[in-house]
Amino acid sequence: MHNINYIRSNPVEFDNFMKTRGERPIAQKIIEIDKEKRETQTVLQNLLAERNQISKTIGILKSEKKDATKEMAKVDDLKNKLNTLKELETLKDDELKAILSRLPNIPDSTTPIGSNEEENVFYRDWGSKPSFNFDPKFHFEIGENSNLMNFETATKLSGPRFVVLKGQLSKLERAIANFMLDKHTSSNGYVEMHVPYLVKAETLYGTGQLPKFGEDLFTAGDDHWLIPTAEVPLTSLCSNQILNINQLPIRVTSYTPCFRSEAGAAGKDTRGMLRQHQFTKVELVSLVEPEQSNNELERMLNCAEGILKDLNLHYRVMTLCTGDMGFGAKKTYDIEVWLPGEGKYREISSCSNCGDFQARRMNTRYKSNDKNIHVHTLNGSGLAVGRTLIAILENYQTLDGNVEIPEVLKKYFDNQNTLF
RNA sequence: GGAGAGAUGGGUGAGUGGCUUAAACCACAGGUUUGCUAAACCUGCGAAGGGGGUAACCCCUUCCGAGGGUUCGAAUCCCUCUCUCUCCGCCA
């Protein structure tokens, strides 16, 4: 949610920012509605003050057993005006909120301007593409050949875009998640949380998925929605609170399933477990003071990259351009891991600084020198577990169809060297 | 699911239609006193928004779980909903 005062005093700049995010100029309309609302409010409040004054007089007159019919008639007269003005004010306020709640965040000054993913900018990379003396297979070939990755059974149970993992692959999924959680909690200063996977619409509004992107979500009825990412419950932990400054920074992590309808992705990545309706992810979330959020984004990115370095997986980091960034983000880094089977870099983590955008929507503030200031929120995958599993299968595969176990994961496998 | 009780500021908690402009206490912050700490005393201390002023500041409105209603006037009365607690039932 945007600060209306900012739009009021910088309408041109605001429209320019919105343009980079694919929005039409809207500041003039916002200012107009806001002005109407405030004017209505002023008149309304003056009348209310008048009514309160007269009512008080009536109270005094009555207690003195004097006649108050004249005053009562006066207030009666005010009533109609008050109702009309109240309705108008509510109308204008709703209009304003309807517009503001659907506008994306303003990009950071360091976010490259562009219209789609083609214009994302290379930031840095690590490692190099592994070489194979055979044709590396796709992850789903390795998985299906081992009989431990089954898409048909999953489709039988739930339809397309689900998977059943068995035995060592199911264990690998769990080992990856454990490794990530262990690292983030012991070395990176995050506190592990166990959170609900079903949340209210209000919670999704706070992080920005609603009202605009309901189509991407699964709902379980009765105002219960399945989380598309643990960012939603984690960021919302302190919603509607005023924190003490010494509680910051807050760094939390959680391993959860994520549910996405993939409404706009028909026909895209239909083979394998790259794009599923359900997948698991270890999420990182930070709440920090505004001055800290730029540094925190770099820190978070390093925490996510650290996992890939430990797993010895080659990756590159891209800075997303304005047109490819998510709704609530000011700046986003995507980490793309190299998948030799597919021969492509694929997103495995996305780290975003949302500034005060989400904090405004969910009303999370902290007290500093007697002032209440909105916190800055950040979220990042650290990492997507399913895609990490894919990356390990494709990067650690051997000629005989087996998969070597990465050094840091061996302790979860009784120090075995290979998976099968 | 059934029965009952409840929801008031950071916390405890008073307030059943108009001297409530939400008391009091605790916590917290500043100050006085003080060899240090503590105690005592003094002062301050919720949020959102509107208006005025160059400004320090001043005025006003709204908020007592949420939303409606009654009334000249609602924390207080009425209706609906949500949540919490206790007991019973069911249950991993």
Side-chain angles (χ1 to χ4, degrees), chain A residues 1-9 30-101 194-206 210 219-225 233 236-248 250 256-257 287 356-375:
Chain A
M1 186 72 91
H2 294 285
N3 182 353
I4 185 77
N5 290 321
Y6 165 75
I7 302 177
R8 231 184 262 159
S9 44
I30 291 172
I31 288 171
E32 204 176 291
I33 298 171
D34 175 56
K35 191 169 170 236
E36 287 169 357
K37 182 194 132 189
R38 274 159 48 228
E39 283 170 357
T40 308
Q41 210 168 26
T42 304
V43 179
L44 175 68
Q45 290 182 357
N46 287 339
L47 289 182
L48 277 172
E50 197 180 329
R51 184 204 65 183
N52 292 345
Q53 202 52 49
I54 298 173
S55 288
K56 200 170 272 182
T57 311
I58 292 171
I60 294 167
L61 287 174
K62 288 212 166 178
S63 70
E64 292 171 351
K65 307 268 186 217
K66 290 181 185 164
D67 178 55
T69 46
K70 216 164 120 189
E71 281 73 14
M72 285 168 77
K74 238 192 262 180
V75 176
D76 225 24
D77 196 41
L78 285 177
K79 261 194 166 174
N80 285 330
K81 284 189 208 165
L82 283 172
N83 285 336
T84 314
L85 285 167
K86 180 68 196 157
E87 273 170 37
L88 186 62
E89 193 214 7
T90 308
L91 186 79
K92 290 295 162 189
D93 197 45
D94 289 349
E95 246 180 276
L96 198 60
K97 276 188 188 142
I99 294 175
L100 288 177
S101 65
H194 180 79
V195 293
Y197 307 152
L198 294 175
V199 295
K200 300 193 276 186
E202 182 190 323
T203 310
L204 287 155
Y205 176 87
L210 291 179
T219 174
D222 289 334
D223 199 22
H224 281 141
W225 301 68
S236 306
L237 287 170
C238 299
S239 63
N240 293 311
Q241 281 186 34
I242 299 176
L243 302 164
N244 194 310
I245 189 167
N246 58 31
Q247 291 177 263
L248 300 177
I250 291 173
T256 73
L287 307 187
D356 64 4
F357 188 80
Q358 295 178 321
R360 281 182 189 284
R361 292 173 82 99
M362 67 177 69
N363 199 21
T364 308
R365 292 166 294 170
Y366 72 98
K367 204 171 261 299
S368 170
N369 293 324
D370 268 353
K371 284 189 170 172
N372 296 323
I373 301 170
H374 289 99
V375 300

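Quick note: numbers below take in every heavy atom, side chains included, and nothing from hydrogens, waters or symmetry partners. Each chain gets a letter, A, B and so on, in the order the sequences are listed, and its residues count up from 1.
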If you measure from the C1' atom in rC90(B) to the same atom in rA75(B), how many Å do you get, rounded? 39 Å
What integer distance in Å separates Glu87(A):CD from rG68(B):C1'? 14 Å
State, with a plain yes or no, whether a side-chain heavy atom of Ile250(A) is found less than 4.5 Å away from one of Leu243(A). yes
What I want to find out is whether Asp93(A) reaches Lys37(A) closely enough, with some N-O distance under 4.0 Å, to be called a salt bridge. yes
Determine the Euclidean distance between corresponding P atoms of rU21(B) and rG73(B); express it in Å to zero decimal places. 16 Å
Asn5(A) CG to rG51(B) P, in whole Å, measures 10 Å
Quick one: on RNA chain B, does Asp34(A) or Asn46(A) contact a more 5' nucleotide (nearest heavy atom)? Asp34(A)
Select one nucleotide: of rU61(B), rA47(B), rG73(B), the one nearest the side-chain heavy atoms of Ser55(A). rG73(B)
Output the rounded distance in Å from CD1 (Ile54(A)) to C1' (rU71(B)). 15 Å
Side-chain atoms of Arg8(A) come closest, of rA48(B), rU61(B), rG50(B), to rG50(B)
Quick one: is rU62(B) close enough that its OP1 or OP2 comes under 4.0 Å of any side-chain N or O from Asn52(A)? yes
Interatomic distance where CG belongs to Asp94(A) and P belongs to rG67(B) [whole Å]: 13 Å
Can you tell me if the side-chain N/O atoms of Arg51(A) get under 4.0 Å from OP1 or OP2 in rC60(B)? no
Taking the P atom in each of rC64(B) and rA23(B), what is the distance between them to the nearest angstrom? 15 Å
Nearest-Å distance once atom C1' is located in both rG18(B) and rG13(B): 24 Å
Between Asp34(A) and Leu96(A), is there a donor-acceptor pair closer than 3.5 Å when you use the side chain of the first and the backbone of the second? no
On a whole-Å scale, what distance lies between the C1' atoms belonging to rG15(B) and rC83(B)? 23 Å
Within-4.5 Å side-chain heavy-atom neighbours: Leu82(A) and Leu44(A): yes
Do Asn372(A) and Lys367(A) have side-chain heavy atoms sitting under 4.5 Å apart? yes
Atom-pair distance (CD on Gln247(A); C1' on rG10(B)), nearest Å: 11 Å
Which nucleotide sits closest to the side chain of Ile242(A): rC60(B), rA47(B), rU62(B)? rA47(B)
Rounded C1' spacing from rA74(B) to rG68(B) in Å: 14 Å
Below 4.0 angstrom from OP1 or OP2 of rG73(B), is there any side-chain N or O of Lys79(A)? yes
Euclidean distance, atom CG of residue Leu82(A) to atom P of rG50(B) [Å, nearest integer]: 19 Å
The nucleotide from rU61(B), rG51(B), rG49(B) with an atom nearest the side chain of Arg38(A) is rG51(B)
Distance, P atom - from rC25(B) to rU62(B), rounded to whole angstrom: 28 Å
Toward the 5' end of RNA chain B, which comes first, Lys56(A) or Val75(A), by nearest nucleotide? Lys56(A)
Report yes if a side-chain nitrogen or oxygen of Lys367(A) is closer than 4.0 Å to either non-bridging phosphate oxygen (OP1 or OP2) of rC45(B); otherwise report no. no
Taking only the side-chain heavy atoms of Gln45(A) (C-beta and beyond), determine which of rA47(B), rG51(B), rC60(B) contains the nearest atom. rC60(B)
Base paired to rG1(B) (Watson-Crick or G-U; both N/O distances under 3.5 angstrom): rC88(B)
Rounded distance (Å) that lies between atom P of rG46(B) and atom CG of Asn372(A): 11 Å
With a 6.0 Å cut-off on ring centres, are His2(A) and Phe357(A) close enough? yes
Categorize Glu71(A) for me: base, sugar-phosphate, or nothing, with a 4.0 angstrom heavy-atom threshold over every strand shown. nothing
Whole-angstrom distance between rA27(B) and rU84(B), as gauged at atom C1': 24 Å
Any idea which of rG51(B), rC72(B), rU62(B) is nearest the Leu48(A) side chain? rU62(B)
For Asn244(A) and rG10(B), is the shortest distance between a side-chain N/O and OP1 or OP2 below 4.0 Å? no
Think Arg365(A) has a side-chain N or O under 4.0 angstrom from the OP1 or OP2 of rA48(B)? yes
Starting from P on rG51(B), measure out to CG on Leu47(A) and report it in whole angstrom. 15 Å
Of all heavy-atom pairs between Met1(A) and Tyr205(A), which one has the smallest distance, and what is that distance? CE-OH, 2.9 Å
